[in-house]
J.: 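This is the structure, below, for whatever I ask next.
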Amino acid sequence: MQWRLVVVGLLVLRVLLNCAVWLVFGLGPSWGFDFPIKFTFNLNKIELLQDGDQAPVKTNAWLQHMYDDRNPQAKTCSKISGNSSKKSYLSFFQEGRDEYDRKYSSFPDALKVKMRGMARAMFYFGYDNYMKFAFPEDELNPIACEGRGPDVLNPSNININDVLGNYSLTLIDALDTLLVLGNVTEFHRAVKLVIDTVSFDKDSTVQVFEANIRILGSLISAHILLTDSRHPFGDIALKDYDNELLHLAHDLAVRLLPAFENTSTGIPYPRVNLKRGVPPDSINETCTAGAGSLLVEFGILSRLIGDSTFEWVARRAVKALWNLRSNETGLLGNVVNIQTGQWVGKQSGLGAGMDSFYEYLLKSYILFGEKEDYRMFSAVYESIQSHLRRGRESCNEGDGDPPLYVNVNMFNGQIMNTWIDSLQAFFPGLQVLNGDVENAICLHAFYYAIWKRFGALPERYNWQLQAPDVLFYPLRPELVESTYLLYQATKNPFYLHVGMDILESLEKNTKVRCGYATLHHVVDKSKEDRMESFFLSETCKYLYLLFDEDNPLHKSESKYIFTTEGHVVPIDQRFREKSWEDQFPCEAPNNEPPANISNCERIPDERRYGLPLKSIYMRQIDHMVGLS
Ligand code: DMJ
């Protein structure tokens with residue numbers, strides 16, 4: 001009798017403990033989740049490998065799939081060839097259960113209108129409050145209803161200082177969203193405010209990457225849209241506009257150029273002071289995305305103003321990173337030393353530190369038509385599919401776990417950890433652009449499954465434990481971005497439902513007194529007093545566009561692409577007129593010796609640009625000062 005009591009007691013204790021863990025940390029299983037794909041990763045047997053460890057013994061089919069490099073099938077496991085006998089990716093939706101069909105197979109027009117209105121209202125609640133309580137500061141603290149600028153008391157607070165430069169960041173980042181929403185009056189007012197009040201002559205040390213994508217990218221996007229003679233948004237010409245946004249963009253770019261000096265690899269320093277250049281105590285380490293995602297903005301700027309300096313330094317950085325990829329796997333790491341070219345971070349993944357590097361290879365090709373950009377993109381995409389993608393070959397059929405992209409050691413392809421991050425949720429959108437819709441559907445579904453569970457995406461999610469590793473959610477756009485691009489590619493109403501779900505959970509979980517706040521903890525929904533500028537430039541924009549079928553962006557004859565910060569730029573003949581390879585044949589792909597190597601070697605920077613690099617931008621700064 002007594003032993004029975006002990007057993008029952010132990011069982012009760014165990015149940016209580018499980019409940020407590022679940023309630024406190026939200027680590028329990030996802031209940032009531034209803035989705036046609038089941039993500040049942042059961043990878044307990046995976047041995048986590050440290051650098052230099054041997055691959056584990058092949059014990060099952062899944063592991064074989066992971067480690068058998070001699071099997072060519074395993075290497076090219078996922079791309080569906082044109083003549084594949086597999087069913088269309090749409091079968092993913094068509095073969096769902098009845099309940100799934102009932103729920104997702106249509107989306108009434110009236111609901112679309114309602115959701116578009118909700119997305120618009122969401123943008124204005126954030127934007128109007130920023131203008132009311134925070135402008136001209138960089139960001140809105142949506143709980144305290146006040147502005148936020150750089151953390152001058154704590155220069156090492158790079159979470160804030162990398163992004164905030166004392167240059168009205170949120171206003172600038174939001175410019176083209178105003179146009180997308182059709183608000184020409186406010187767009188004009190905002191442009192004038194930027195012209196009249198913003199200066200980059202600031203003692204701010206910012207990250208080159210962040211200043212580039214959020215500020216430079218937005219300025220050139222707004223400039224191009226404002227002066228587009230095809231008038232995609234109607235006649236929005238601004239009286240007396242004299243290319244001031246372009247001048248501002250140019251001024252900023254010139255201030256970023258010192259990052260590309262005194263680096264033996266050509267890979268830029270991560271940060272510059274806008275007044276004084278690279279700080280004397282600057283570190284020599286940078287992440288791949290930070291150094292290698294400047295090409296879209298710098299390339300457009302160069303082609304707009306006819307000065308190849310910017311594109312040249314951005315291309316040199318990409319090429320330098322590219323040449324450091326592993327010979328074995330074709331992968332790059334996530335952190336590199338800009339002087340030695342040594343990889344400090346050997347992790348290769350799709351998320352933080354690497355995401356936009358891939359994105360800009362493809363987008364640069366789309367924008368500028370440079371074949372070399374596409375060659376690099378397809379090679380690295382192939383490596384990603386071979387080494388990062390795990391699970392079954394096909395998204396929606398066959399045996400084994402559904403596919404997932406994991407973080408691996410760049411040199412041997414072995415798994416380094418069991419988390420994926422929320423930044424990686426952009427990748428399905430990139431896969432759509434690359435025409436790999438089936439893989440895009442599958443990866444997106446995985447992320448949506450996580451969103452369904454928490455009403456947000458935790459910054460890191462542990463796929464082995466099926467629980468968040470890092471719990472905050474700063475209103476990031478990546479899942480919405482992929483949802484929008486997948487909807488454009490498939491027109492499947494499922495993605496409208498996803499968008500509606502995301503909108504509703506943002507309203508429910510992140511709305512506060514004066515805007516939308518970062519979730520500190522996706523489980524208990526506690527908040528941090530910060531609204532990042534990408535919430536207005538990306539999250540709200542993609543949500544609005546998802547439900548606005550008749551938006552000029554969708555109806556115009558011109559084609560558009562989004563920068564990594566969601567800024568709209570047309571795919572314009574102007575940017576594709578001259579091929580970089582033709583202009584600079586000595587910048588041969590992959591560092592192959594060009595045919596006329598002796599001539600090329602004798603072409604110094606001076607001849608390329610007429611002046612030494614340094615003089616060029618010093619002159620440009622003088623010029624800009626003269627302008628202001
Ligand atoms: C944005 O600034 C950009 O989308 C960037 O490429 C990645 N991080 C944020 C949003 O999460």
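In each ligand, atom 1 is the first atom listed, and ligand 1 is the first ligand listed. We're numbering straight along the sequence, starting at 1.
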J.: Please tell me whether S199 and D201 have a donor and an acceptor in their side chains that are separated by less than 3.5 angstrom.
T.: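 The answer is no; no qualifying pair exists.
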J.: Please check if the distance between the ring centroids of W451 and Y461 is under 6.0 Å.
T.: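 So the answer is no for these two rings.
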J.: Tell me the contacting part of E532 for ligand 1: side chain, backbone, both, or neither, using a 4.0 Å heavy-atom threshold, strictly below.
T.: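 Under 4.0 Å from ligand 1, E532 contributes no heavy atoms.
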J.: One residue to check: E478. Relative to ligand 1, which of side chain, backbone, both or neither has a non-hydrogen atom less than 4.0 Å away?
T.: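 E478 to ligand 1: side-chain contact only, backbone stays beyond 4.0 Å.
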J.: Relative to the ring of F125, is the ring of Y516 parallel (under 30°), tilted (30 to 60°) or perpendicular (over 60°)?
T.: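 Perpendicular, since the angle between the ring planes exceeds 60°.
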J.: Could you check, using the six-membered ring where one of them is a Trp, whether Y484 and Y495 have ring centers closer than 6.0 angstrom?
T.: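 No, the ring of Y484 stays outside the 6.0 Å limit from the ring of Y495, centre to centre.
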J.: Should you measure from each heavy atom of E538, which atoms of ligand 1 turn up under 4.0 Å away?
T.: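 Ligand 1 atoms under the 4.0 Å threshold to E538: 1 (C), 3 (C), 4 (O).
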J.: Does either side chain, that of H567 or that of D173, offer a donor lying less than 3.5 Å from an acceptor on the other one?
T.: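 On atom types as modelled, these side chains qualify, holding a pair under 3.5 Å.
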J.: Polar-atom distance check: E210 versus ligand 1, any N or O pair below 3.5 Å?
T.: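 E210 vs ligand 1: no N/O contact under 3.5 Å.
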J.: Among W419, W463, F427, exactly one meets ring pair (Phe, Tyr, Trp, His ring centres under 6.0 Å) together with Y405. Which residue is that?
T.: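 In the set W419, W463, F427, the residue that makes a ring pair (Phe, Tyr, Trp, His ring centres under 6.0 Å) with Y405 is F427.
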J.: Consider every N or O of E359 and every N or O of ligand 1, then say whether any pair is closer than 3.5 Å.
T.: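 Such a contact does not occur with ligand 1.
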J.: For the residue pair P258 and V278, what are the closest heavy atoms and their distance?
T.: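 Taking every non-hydrogen atom into account, O-CG2, 3.5 Å.
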J.: Can you list the atoms of ligand 1 that are under 4.0 Å from a heavy atom of L423?
T.: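 By the 4.0 Å cutoff, the relevant atoms are 7 (C), 8 (N), 11 (O).
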J.: Measure the distance from atom 9 (C) of ligand 1 to every protein heavy atom, then report the residue, atom name and distance (to 0.1 Å) of the closest one.
T.: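 Result for atom 9 (C) of ligand 1: F534 CD2, 3.7 Å.
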J.: Output yes when the distance from some N or O of ligand 1 to some N or O of T564 is under 3.5 Å, and no in every other case.
T.: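 For ligand 1, there is an N or O atom that lies under 3.5 Å from one belonging to T564.
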J.: Can you tell me the protein heavy atom closest to atom 2 (O) of ligand 1 and the distance?
T.: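 It is E565 OE1, 2.5 Å.
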